[in-house]
Amino acid sequence: MRLLFGLTVVAKLASAYIPAWTAPGPDDARGPCPGLNTLANHGLLPHSGRNITQADLSYAMSVGVSQDETISIPLFEVAVTTNPAGQANTSFNLDTLGTHNIVEHDASLSRVDAYFGNQLVFNWTAFQRTLEEWQDDVITVNSSAAARARAIRHSNATNPEFGLSDLAKGFSTGESIAFILVFGNVTTGIVETSPVVYWFGTFLSSFASPTSVSFRFLLLYWLRPNFV
Ligand code: HEM
Ligand SMILES: *[C@@H]1O[C@H](CO)[C@@H](O)[C@H](O)[C@H]1NC(C)=O
Ligand SMILES: *[C@@H]1O[C@H](CO)[C@@H](O)[C@H](O)[C@H]1NC(C)=O
Ligand SMILES: *[C@@H]1O[C@H](CO)[C@@H](O)[C@H](O)[C@H]1NC(C)=O
Ligand SMILES: *[C@@H]1O[C@H](CO)[C@@H](O)[C@H](O)[C@H]1NC(C)=O
Ligand SMILES: *[C@@H]1O[C@H](CO)[C@@H](O)[C@H](O)[C@H]1NC(C)=O
Ligand SMILES: *[C@@H]1O[C@H](CO)[C@@H](O)[C@H](O)[C@H]1NC(C)=O
């Protein structure tokens with residue numbers, strides 16, 4: 001089943017002419033959103049991760065994740081508010097998206113709260129809490145919600161500056177289902193766990209974990225070298 005899934009994704013990527021994955025360079029901006037980071041790594045968004053216009057985002061979301069402008073334009077309008085003065089509000093950067101408490105928020109699935117450290121980068125400690133709720137072969141809407149609830153409980157209990165604005169609550173909910181919609185089955189609300197975990201960035205970190213399931217990730221990596 002997993003093999004079949006891998007091959008299906010390879011076929012989908014090949015047929016959509018998605019440019020190959022290339023690692024971000026030292027001057028390329030990346031941020032708290034694994035979805036947009038992926039689109040930039042594939043060059044569907046500017047590989048620099050900077051000066052992303054509405055046309056850029058609409059193109060990338062259309063080709064990359066089959067979403068039309070009823071989704072990409074409202075998201076662009078929010079994203080552009082993270083743009084520091086000087087760019088005239090017509091573009092945003094992937095890193096400025098991570099400015100705390102505009103869109104970026106506490107209680108993320110794979111990032112620490114800004115209070116504790118760099119909220120822009122994948123953090124294994126934070127993601128391990130999420131994996132506690134994702135021990136089955138598939139993630140359901142329920143287990144995704146459980147991970148989100150766990151992150152909120154953890155942040156509320158440990159972060160003296162914990163907060164979630166109404167905008168953040170909306171985003172946090174959307175982020176918890178985005179990967180089900182993109183990688184999974186929209187009808188059942190179910191997605192295979194391993195590609196999602198791989199996508200979040202555990203592929204490299206998993207080698208350092210005592211509970212490593214790196215063989216599985218390695219297999220996925222070979223099957224789908226252009227995926228993330
Ligand atoms: C390509 C489709 C997209 C997918 C699959 C996606 C998925 C995700 C996921 C799963 C997270 C949660 C990360 C975590 O909690 O550790 C996230 C975070 C985020 N996304 Fe996206 N996203 C997409 C597009 C966008 C767009 C268009 C925006 C523009 C506003 C955006 C802004 C953000 C921000 C600011 C965060 C950080 C929130 C936080 O954890 O503090 N994303 N995204
Ligand atoms: C692109 O974004 C950078 C900030 O990352 C800014 O300094 C530069 O002026 C922008 N370039 C254009 C053409 O808007
Ligand atoms: C960007 O747009 C927002 C909302 O429309 C506005 O509040 C802000 O002042 C603008 N910033 C710049 C630098 O133009
Ligand atoms: C991840 O977060 C933990 C806990 O806040 C911190 O100790 C660790 O340094 C972070 N790791 C990275 C790679 O940032
Ligand atoms: C998901 O959670 C809801 C509410 O707790 C529960 O009614 C439902 O049976 C759960 N579904 C599955 C498939 O576990
Ligand atoms: C945070 O914890 C407090 C005290 O236990 C509780 O009253 C509050 O509802 C919690 N907030 C969230 C968002 O879970
Ligand atoms: C999603 O699940 C439904 C119900 O099990 C199934 O009929 C459908 O073929 C699945 N869709 C995909 C794309 O796998």
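Excluded from the calculations below are hydrogen atoms, water molecules and symmetry mates; all remaining heavy atoms, backbone and side chain alike, are included. Both ligands and their constituent atoms are indexed starting at 1 by order of listing.
Atom 27 (C) of ligand 1 has L75 CD1, 3.5 Å as its closest protein atom, hydrogens excluded (heavy atom only). Looking only at protein heavy atoms, the nearest one to atom 15 (O) of ligand 1 is L109 N, 2.7 Å. With respect to atom 14 (O) of ligand 4, the closest heavy atom belonging to the protein is N123 ND2, 3.5 Å. The protein non-hydrogen atom at the shortest distance from atom 41 (O) of ligand 1 is H105 N, 2.7 Å. Counting only heavy atoms of the protein, atom 5 (O) of ligand 4 lies nearest to V112 CG1, 3.8 Å. The protein non-hydrogen atom at the shortest distance from atom 40 (O) of ligand 1 is S108 OG, 2.5 Å.
For the atom pair OG1 of T53 and OH of Y59, the computed distance is 12.5 Å after rounding to the nearest 0.5 Å.
When the heavy-atom distances from atom 11 (N) of ligand 2 to L94, N51, D27, D95 are ranked, the shortest goes to N51. Compare I52, V103, T81 by their heavy atoms: the one nearest to atom 35 (C) of ligand 1 is in V103. Of the listed residues (L97, L57, V182), the one carrying the non-hydrogen atom nearest atom 32 (C) of ligand 1 is L97.
Within 4.0 Å of atom 7 (O) of ligand 4, not a single protein heavy atom is present. Counting protein heavy atoms under 4.0 angstrom from atom 2 (O) of ligand 4 gives one or more.
Using cut-offs of 30° and 60° for the angle between ring planes, the F179 and F200 rings count as perpendicular.
In this structure, V78 falls outside the shell of residues with a heavy atom less than 4.0 angstrom from ligand 1.
Atoms of ligand 2 lying under 4.0 Å from at least one heavy atom of N93, given by number and element, are 4 (C), 5 (O).
Each protein N/O/S atom under 2.8 Å from atom 21 (Fe) of ligand 1 was counted, for a total of 1.
Shown here are the side-chain hydrogen bond (donor to acceptor under 3.5 Å, both in side chains) partners of D113, two or more places apart in sequence or in another chain: S155, N159.
The side chain to side chain contact (heavy atoms under 4.5 Å, CB included) test with V196 singles out one residue from T130, I139, V138, and that residue is I139.
Considering backbone and side-chain N/O atoms, W199 never comes within less than 3.5 Å of an N/O atom of ligand 1.
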